[in-house]
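Before any comments, here is the structure.
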Amino acid sequence: HRDHRDQRDQQAGREALRELGVERAHLVLHDFGGPIGLVWVAMNPEALASITLIDTGILPGYRWHKLARIWRTPVVGEILQAAATRRAFRVLLNRNEPRGLPRDFVEAMYDHYDRRTRRAVLALYRDTDDPGSAAPELTKLLAPRDIPALVIWGEEDAYLPSAYAERQREAFPGADVHVLPASGHWPFADAPETVERLLAEFLSVPQA
């Protein structure tokens, strides 16, 4: 069932690009977008111009972070989601962020965190294999292609350790890697000027 769904999603992605008239895409991924997007890249390498990984990527040996383990646990995950009031959400999100996150960023996240989204989060984490399990296969497929890659990682990421930043070169040998000091899991929110500059510079270089 999962393989059929993945094939359907990949086909939908190819059709979306055709509909938009996009021949090759510059893919920018963050968090859970990493494992999802990298599978798409492996299946559609001809449609990729470059890839930017922000606190995500191949994760060899990775095990779920504490919050993910709670979400993956039946009943306990539902209780935690039900207890996520606006104030609790704000405290939980900022607890591990060295600079804190902008108030409007956190408020916007909570505004979208309705019941359907909470159920979707639980379903996503429970229906996803260990993120590290696909790393060897993805590395084998992607490394020979030497895809243009930019890696940006918050040094203090509490969910995906910044030690993984350099390891992205295993799949993307020529990757331009930047670990941002005093930044957390959302560097585009706590260090937006730096992320914007790095991304703009990377995309301004013509890709083969």
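- Neither Val91 nor Val121 shares a network with the other; the hydrophobic side chains, linked directly or stepwise wherever heavy atoms of I, L, V, M, F, W or Y lie under 4.5 Å apart, form separate groups for each.
- Rounded to the nearest 0.5 Å, atoms CD (Glu196) and CG (Leu198) are 10.5 Å apart.
- In this structure, His26 contributes its side chain and Thr52 its backbone to no donor-acceptor pair below 3.5 Å.
- Residues Leu92 and Arg95 have side chains in contact (heavy-atom distance under 4.5 Å, counting atoms from C-beta outward).
- In this structure, Arg169 places its CZ atom where more than 12 heavy-atom neighbours from other residues, nucleotides or ligands lie under 6.0 Å away.
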Practice task
Report the C-alpha separation of Glu156 and Asn96 in whole Å, then their side-chain angles, then the decisive distance to 0.1 Å, and conclude whether the side chain to side chain contact (heavy atoms under 4.5 Å, CB included) test is met.
Solution key: CA-CA 8 Å; Glu156 304 299 327; Asn96 296 312; over 6 Å; no
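- Here the shortest heavy-atom pairing between Ser133 and Asp129 reads OG-CB, 4.1 Å.
- Residues Met109 and Trp186 have side chains in contact (heavy-atom distance under 4.5 Å, counting atoms from C-beta outward).
- Although no hydrogens or angles enter the test, the distance criterion places no donor-acceptor pair under 3.5 Å between the side chain of Arg99 and the main chain of Gly184.
- The two residues Asp146 and Pro173 make their nearest non-hydrogen contact at OD1-CD, 3.7 Å.
- Side-chain contact between Leu67 and Leu80 is present, with at least one heavy-atom pair separated by less than 4.5 Å.
- Salt bridge Asp114/Arg119: absent, no basic N to carboxylate O contact under 4.0 Å.
- Using a cutoff of 4.0 Å between basic side-chain nitrogens and carboxylate oxygens, Glu201 and Arg197 are scored as salt-bridged.
- Classified by interplanar angle (parallel below 30°, tilted 30° to 60°, perpendicular above 60°), the ring pair His30/His185 is tilted.
- The main-chain N or O of Pro74 is never found under 3.5 Å from a side-chain atom of Glu78 such that the two would form a donor-acceptor pair.
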Problem - From CA spacing to verdict: side chain to side chain contact (heavy atoms under 4.5 Å, CB included), Phe188, Leu199 - result: CA-CA 10 Å; Phe188 49 83; Leu199 186 56; over 6 Å; no
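- A 6.0 Å sphere centred on CD of Glu19 holds no more than 12 heavy atoms belonging to other residues, nucleotides or ligands.
- By the 4.5 Å heavy-atom criterion applied to side chains, Tyr62 and Pro161 are counted as neighbours.
- Taking all atoms of both residues into account, the shortest heavy-atom contact from Leu138 to Ala42 is CD2-CB, 3.9 Å.
- Between the side chains of Asp157 and Ser162, not a single donor N or O lies within less than 3.5 Å of an accepting N or O.
- Taking both residues in full, the closest heavy atoms of Tyr113 and Ala84 are given as CE2-CB, 4.5 Å, listed atom of the first, atom of the second, then distance.
- Distance check: Asp111 CG to Asp104 CG gives 11.0 Å after rounding to the nearest 0.5 Å.
- Side-chain contact between Tyr164 and Pro60 is present, with at least one heavy-atom pair separated by less than 4.5 Å.
- At least one donor-acceptor pair closer than 3.5 Å links the side chain of Tyr110 to the backbone N or O of Arg86.
- A donor-acceptor contact shorter than 3.5 Å is absent between the side chain of Arg24 and the backbone of Ala47.
- Met43 and Leu141 end up in different hydrophobic clusters when Ile, Leu, Val, Met, Phe, Trp and Tyr side chains are linked at under 4.5 Å.
- Ion pair Glu107/Arg90 flagged as a salt bridge, since at least one NZ, NE, NH1 or NH2 atom sits closer than 4.0 Å to an Asp/Glu carboxylate oxygen.
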Practice task
Determine, step by step, whether Leu142 and Leu38 satisfy the side chain to side chain contact (heavy atoms under 4.5 Å, CB included) criterion, reporting the C-alpha distance in whole Å, the side-chain angles of both residues, the deciding distance to 0.1 Å, and the verdict.
Solution key: CA-CA 9 Å; Leu142 297 173; Leu38 287 172; 4.2 Å; yes
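- Residues Pro102 and Ala189 share a closest heavy-atom pair of CG-O, 3.4 Å.
- Looking at Trp64, its side chain never comes within 3.5 Å of a backbone N or O of Trp71 through a donor-acceptor pair.
- Side-chain atoms of His178 and Val195, non-hydrogen and from C-beta on, never get closer than 4.5 Å to each other.
- Two residues are said to be in side-chain contact when any heavy atoms from C-beta on lie closer than 4.5 Å; Thr194 and Pro187 fail this criterion.
- The main-chain N or O of Ala123 is never found under 3.5 Å from a side-chain atom of Asp127 such that the two would form a donor-acceptor pair.
- Criterion: ILVMFWY side-chain heavy atoms under 4.5 Å apart, direct or through other members. Under it, Leu27 and Leu20 are part of a common hydrophobic cluster.
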Exercise for the section: For side chain to side chain contact (heavy atoms under 4.5 Å, CB included), just list the numbers for Val151 and Phe172, CA-CA rounded to whole Å, side-chain angles, deciding distance to a tenth of an Å, and then say yes or no. Expected result: CA-CA 10 Å; Val151 177; Phe172 305 99; 5.9 Å; no
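- For the pair Glu97 (side chain) and Asn94 (backbone), a donor-acceptor distance under 3.5 Å is absent.
- At least one donor-acceptor pair closer than 3.5 Å links the side chain of Thr56 to the backbone N or O of Asp31.
- The two residues Ile58 and Glu170 make their nearest non-hydrogen contact at CD1-CB, 4.1 Å.
- Judged by distance alone, the side chain of Asp55 and the main-chain N or O of Leu160 form no donor-acceptor pair under 3.5 Å.
- In this structure, CG on Leu150 lies 8.5 Å from OG on Ser50, to the nearest 0.5 angstrom.
- Hydrophobic clustering places Ile147 together with Val177 (ILVMFWY residues linked when any side-chain heavy atoms are closer than 4.5 Å, directly or through intermediates).
- To the nearest 0.5 Å, atom CD1 of residue Ile152 and atom CD1 of residue Ile54 are 5.0 Å apart.
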